[in-house]
Amino acid sequence: MNKEILKATALLNDGKVVAIPTETVYGLAANAFDEKAIEQIFQIKQRPLFNPLIVHIKSIDYLDTIAQQIPPIAQQLANEFWPGALTLILPKKSIIPSIVTAGKDTVGIRMPSHPIALELLNQLDFPLAAPSANPFGYISPTTSEHVKKQLGNKIPMILEGGACAKGIESTIIGFEDNEPILYRVGAISKEAIESFIGKIKVKSKASATPEAPGMLSKHYSPKTKLIVSENIPEYIKNNNVENTGFLLFSNTPDSIPIHNCILVTKNKNLDEAAHNLYASLHELDERKFDLIIAEKFPEYGIGSSLNDRLYRAQETHFDFDYPTELLKINKTIKQ
């Protein structure tokens, strides 16, 4: 067995937090049954306690261990899309601490498809709660280097797994009166879900009491101010772009210096664009531009998910009193 997986297993068994690869983004993982370990996740990320975590399991059969009253359609979705980038919000069993679920009686669950994540989960006697391995609100990490730069001095280990294949977070589906509700668009498109279960209602934004992770209006944000544009040539024509970075889906305009641009796909492939999105935002942020202009993606397939991430990154403030929430976190952890 991989020595690094053995090391990660030992740390997690000891109540520590470890960064792990998944096919979506790198996660900050801890024993989902261990409140003290989960507190560390919130402390390291500086994540508000009202924002619930996703629990990662090793098999579909394990679902009954942590969830109850599972709607038949939820089981069908798990059978179809797991292992994979789909999170299901289901009534939790008492074995899941309330800190994982922000006090709610439901829990987000998924079975990742990354082989290293699955190998690790199969060495453990517990599932892993694992939000993205980055400071709260910032761009999600899709490489171990992203994690190292942001949290490397705060965690004992980053389990290497290469660049994340999908590159954006999981799609999240909840259930109201046993009817599926799309809470967060993600790596599995709305169209793919609907081709399996028919039309689905969408409820993708919330304020200070989100039903699921990733529902706050501001999220996935670089430190550099970001603006989404539907017409890059028009923007260039009317603005001084000398110290502006551009995140592009279409071809690079000749009028922009090559250093100022990152093209996320060479042939307008949305899967490739998703794979490169966060890495490109990290790179543009590091170049210290005054502004980042992101080209809007086509509104179909996972293009809708990519636009969702861009518009949340564009927001200038949180939907809640962030400093007050951090005080609540610190107070809770010290008790």
Side-chain angles (χ1 to χ4, degrees), residues 8-9 11-13 15-42 44-45 47-71 74-75 77-79 81-114 116-134 136 140 159 166 169-175 183-184 186-188 210-215:
T9 300
L11 287 166
L12 290 163
N13 279 324
K16 301 295 193 299
V17 175
V18 173
I20 66 167
T22 78
E23 75 278 19
T24 57
V25 300
Y26 273 73
L28 195 61
N31 181 348
F33 298 154
D34 185 341
E35 288 190 46
K36 293 295 183 184
I38 300 303
E39 285 175 358
Q40 293 178 60
I41 290 178
F42 283 96
I44 292 165
K45 281 182 62 73
R47 180 185 177 99
L49 288 172
F50 63 69
N51 204 7
L53 308 179
I54 292 173
V55 175
H56 296 67
I57 61 175
K58 59 187 173 184
S59 69
I60 294 177
D61 292 340
Y62 196 86
L63 190 57
D64 289 332
T65 304
I66 60 176
Q68 57 189 342
Q69 300 167 14
I70 301 168
Q75 191 68 56
L77 284 164
N79 292 339
F81 292 103
W82 285 359
L86 177 68
T87 294
L88 300 175
I89 307 293
L90 298 167
K92 79 178 186 75
K93 288 186 175 177
S94 59
I95 195 170
I96 296 292
S98 62
I99 190 172
V100 171
T101 65
K104 295 177 172 59
D105 58 6
T106 55
V107 59
I109 306 168
R110 86 178 185 95
M111 178 186 174
S113 66
H114 196 293
I116 290 178
L118 283 175
E119 188 175 353
L120 175 64
L121 283 162
N122 277 290
Q123 299 307 311
L124 300 168
D125 294 327
F126 46 81
L128 294 173
S132 56
N134 59 302
F136 173 72
S140 298
L159 183 59
K166 297 295 184 183
E169 296 79 5
S170 61
T171 300
I172 300 180
I173 292 180
F175 301 87
Y183 284 152
R184 180 177 76 183
I188 299 175
E211 289 95 338
M215 292 182 71

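These figures come from a predicted structure and were not determined experimentally.
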Is any side-chain heavy atom of [X] less than 4.5 Å from a side-chain heavy atom of [Y]?
X	Y	value
Leu12	Leu120	yes
Leu121	Ser59	no
Leu88	Trp82	yes
Ile96	Phe33	yes
Leu118	Met111	yes
Leu53	Phe42	yes

Nearest-0.5 Å distance, [atom1] of residue [X] to [atom2] of residue [Y]:
X	Y	atom1	atom2	value
Ile95	Thr65	CD1	OG1	7.5 Å
Ile89	Ile173	CD1	CD1	10.0 Å
Leu86	Leu77	CG	CG	6.0 Å
Leu124	His56	CG	NE2	13.0 Å
Leu90	Ile66	CG	CD1	8.5 Å

Taking [Y]'s backbone N and O only, do any of them form a donor-acceptor pair with [X]'s side chain (distance below 3.5 Å, no angle check)?
X	Y	value
Lys93	Asp64	yes
Lys45	Asn134	yes
Thr171	Ile188	yes
Glu169	Ser132	no

Enclosure of Asn79 CG (heavy-atom neighbours >12, cutoff 6.0 Å):
yes
Closest heavy-atom contact between [X] and [Y]?
X	Y	result
Ile41	Ala30	CD1-CB, 3.7 Å
Val17	Ala37	CG2-O, 3.8 Å
Ala32	Ile38	CA-CD1, 4.0 Å
Gly174	Tyr183	CA-CE1, 3.5 Å
Lys104	Thr101	O-OG1, 2.8 Å
Gly15	Gln40	O-NE2, 2.8 Å

What do the steps show when you test Asp34 against Phe126 for side-chain contact (heavy atoms from CB on, under 4.5 Å), and what is the final call?
CA-CA 9 Å; Asp34 185 341; Phe126 46 81; over 6 Å; no
Hits for salt bridge (Lys or Arg N to Asp or Glu O under 4.0 Å) against Lys16, two or more places apart or cross-chain, chain-then-number order -> Asp14
Ion pair Arg110/Glu23, N-O distance below 4.0 Å
yes
Is there a side-chain contact (heavy atoms from CB on, under 4.5 Å) between Ile116 and Ile20 once you walk through the steps?
CA-CA 8 Å; Ile116 290 178; Ile20 66 167; over 6 Å; no
Run the numbers on Leu159 and Tyr26 for side-chain contact (heavy atoms from CB on, under 4.5 Å), then give the verdict.
CA-CA 9 Å; Leu159 183 59; Tyr26 273 73; over 6 Å; no
Could you please spell out the steps behind the side-chain contact (heavy atoms from CB on, under 4.5 Å) verdict for Lys166 and Thr22?
CA-CA 9 Å; Lys166 297 295 184 183; Thr22 78; over 6 Å; no
With distance as the sole criterion, is a donor-acceptor pair present between the side chains of Ser170 and Thr24 under 3.5 Å?
no
